[in-house]
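Here's the structure we're looking at; comments come further down.
All figures in this text were calculated on a predicted structure; none of them were measured in a lab. One-based numbering along the sequence shown.
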Amino acid sequence: MGAFLPWYTFVAVILLAIHGGLCADIIGGYEVKPHSRPFMAQIKGSKGVICGGALIKENWVLTAAHCKAEKAKVVLGAHSSKESEKEQQTFQIAKCIRYPCYDRKTKENDIMLLQLQGRAKLTKAVKPIPLPTSDDDPKPGTDCSVAGWGKTTNRGKTLSTALMEVNITVISRGICNDKNHYNGKPVITENMICAGDKKGGKDSCNGDSGGPLRCKNVMRGITSFGKPKSCGKANGPGVYTRLTKQYLEWIRKTIGGA
């Protein structure tokens, strides 16, 4: 055979690449059909996408408190993170309202509301996502999905140019707090959801923060944090702010009739 690969080995390598084994996507994910996630919001600074978010009302976006949105703008109806699209609507931010007592060290209360200057025109590409009617805590093993324009690999700083999505599974807090995972640094509390893949390879990453975590098509969380440079690794699954009763009450009280 010399230096040439057998044909079946070559085919296997090609199939591995096709099925995401080489981390070609959001970290094991796929590009969604353009404008099929009309609730997704881009939070963009002067150098591009900072975070994601979810449109929950014509003039309100829900995102993560750690996102530095004070000098940013919000783009709705986007699929591309680089190109201008006719479906896009861009807004300045009138207010950034972080949940009281957000703690950067413990990651508790990583939730923020952005009030837009003006109201979105609702179209097929721009629609709010309904807030959940209950604060159900997704059980370990529950299938969920998360979308964003974040990094698709741990290498480099390049973000995705298209909206990507990945299917992940809820992992118990006990596992996420053990010595092989976060080891209680920080503690994964009942206000958080841990989700990924026990074998690794599927995850959100830098730039996906603030985007909605959906479980059985219901928004249950907000992309919050993960281990540095460990996107997609089995011992560092993503952690999401869970939409608890207290957070849902705060959201509804804050956005009210505004």
Side-chain angles (χ1 to χ4, degrees), residues 37-45 49-78 89-123 125-138 144 146-149 186 188-193 204 207-215 217-225 238-258:
R37 307 293 185 268
F39 48 82
M40 288 297 299
Q42 289 179 355
I43 300 172
K44 298 188 79 170
V49 176
I50 298 170
C51 284
L55 183 70
I56 58 171
K57 196 173 181 178
E58 290 95 329
N59 58 333
W60 289 95
V61 167
L62 185 63
T63 187
H66 74 264
C67 295
K68 298 178 181 179
E70 280 75 8
K71 296 182 180 180
K73 59 186 177 182
V74 169
V75 181
L76 305 174
Q89 300 178 39
T90 303
F91 297 87
Q92 298 298 318
I93 297 171
K95 293 180 182 178
C96 297
I97 307 174
R98 289 178 173 82
Y99 188 83
C101 303
Y102 162 58
D103 192 314
R104 290 184 179 275
K105 185 175 181 180
T106 66
K107 314 299 185 183
E108 280 280 15
N109 306 319
D110 192 11
I111 179 171
M112 176 168 66
L113 284 164
L114 304 178
Q115 184 175 26
L116 308 181
Q117 289 185 6
R119 293 175 178 266
K121 179 181 179 182
L122 302 188
T123 66
V126 178
K127 293 180 182 179
I129 187 171
L131 290 172
T133 56
S134 69
D135 67 341
D136 292 352
D137 188 0
C144 303
V146 63
W149 291 269
I188 311 304
T189 71
E190 291 187 0
N191 292 332
M192 304 174 187
I193 297 171
S204 53
D208 292 322
S209 292
L213 174 74
R214 297 186 299 146
C215 304
N217 291 319
V218 177
M219 186 178 178
R220 293 294 180 196
I222 301 166
T223 306
S224 181
F225 68 93
V239 181
Y240 303 80
T241 302
R242 181 167 77 89
L243 291 181
T244 62
K245 181 180 179 180
Q246 64 181 11
Y247 293 147
L248 290 170
E249 289 177 347
W250 171 75
I251 292 169
R252 292 187 173 103
K253 181 179 179 180
T254 303
I255 68 176

_Side-chain touch P128/K57, heavy atoms, less than 4.5 angstrom_ = no
*With rounding to the nearest 0.5 Å, note down the distance linking CE in M40 to CG in L76.*
10.5 Å
*With a 4.5 Å heavy-atom cut-off, do I251 and L62 have their side chains touching?*
yes
_Test side chain to side chain contact (heavy atoms under 4.5 Å, CB included) applied to I222 and L213, L243, D110, the passing residue_ = L243
*Look at the side chain of T63 and the backbone N and O of M112, then say whether any donor-acceptor pair between them is shorter than 3.5 Å.*
no
*Worked verdict on N109 versus Y247 for side chain to side chain contact (heavy atoms under 4.5 Å, CB included)*: CA-CA 8 Å; N109 306 319; Y247 293 147; 2.6 Å; yes
*CD1 of I93 to CD of Q117: how many Å apart, nearest 0.5 Å?*
9.0 Å
*asked:* I'd like to know if the side chain of D103 and the backbone of K105 have a donor-acceptor N/O pair within less than 3.5 Å.
replied: yes
_Results of salt bridge (charged side-chain N to carboxylate O under 4.0 Å, His left out) for D137 - residues two or more places apart only_ = R173, R242
_Would the distance check show the side chain of D135 and the main-chain N or O of K245 forming a donor-acceptor pair, the cut-off being under 3.5 Å?_
yes
*Side chains of W60 and T254: closer than 4.5 Å at any heavy-atom pair?*
yes
*At their closest point, which heavy atom of W250 faces which heavy atom of P100, and how far apart are they?*
NE1-CD, 3.9 Å
*Derivation and outcome, side chain to side chain contact (heavy atoms under 4.5 Å, CB included), residues S204 and Y240*: CA-CA 10 Å; S204 53; Y240 303 80; 2.9 Å; yes
_salt bridge (charged side-chain N to carboxylate O under 4.0 Å, His left out) partners for E190, two or more places apart_ = none
*Quick one: are H66 and Y102 in side-chain contact, heavy atoms under 4.5 Å?*
yes
*Taking the side chain as every heavy atom from C-beta outward, state whether S209 and F225 have any atom pair closer than 4.5 Å.*
no
*Flag the pair R252 / L248 as yes when at least one side-chain heavy-atom distance between them is below 4.5 Å, and no otherwise.*
yes
*Please name the pair of heavy atoms, one in R214 and one in R37, separated by the smallest distance, quoted to 0.1 Å.*
NH2-NE, 3.4 Å
_Using modelled atom types and a 3.5 Å cut-off, is there a donor and acceptor pairing between side-chain atoms of K68 and backbone atoms of I50?_
no
_I43 side, atom CD1; C96 side, atom SG - distance, nearest 0.5 Å_ = 8.0 Å
*asked:* Between P212 and V146, is there a side-chain heavy-atom distance shorter than 4.5 Å?
replied: no
*asked:* What I'd like to find out is whether the side chain of I193 reaches to under 4.5 Å of the side chain of V239, using heavy atoms alone.
replied: no
*Heavy atoms only: give me the nearest A54-A41 pair and the separation to one decimal.*
N-CB, 4.4 Å
_Y99 side chain to T241 side chain, donor-acceptor N/O pair below 3.5 angstrom_ = no
*Evaluate side chain to side chain contact (heavy atoms under 4.5 Å, CB included) for K95 paired with L114, printing each intermediate quantity in order.*
CA-CA 6 Å; K95 293 180 182 178; L114 304 178; over 6 Å; no
*Please answer whether the main-chain N or O of A65 pairs with a side-chain N or O of R98 as donor and acceptor at a distance below 3.5 Å.*
yes
_Between Q89 (side chain only) and K121 (backbone N and O only), is there a donor and an acceptor less than 3.5 Å apart?_
yes
*Spacing of T90 atom OG1 and Q42 atom CD [to the nearest 0.5 Å]*: 8.5 Å
_So does L116 get a backbone contact from the side chain of N59, meaning a donor-acceptor N/O pair under 3.5 Å?_
no
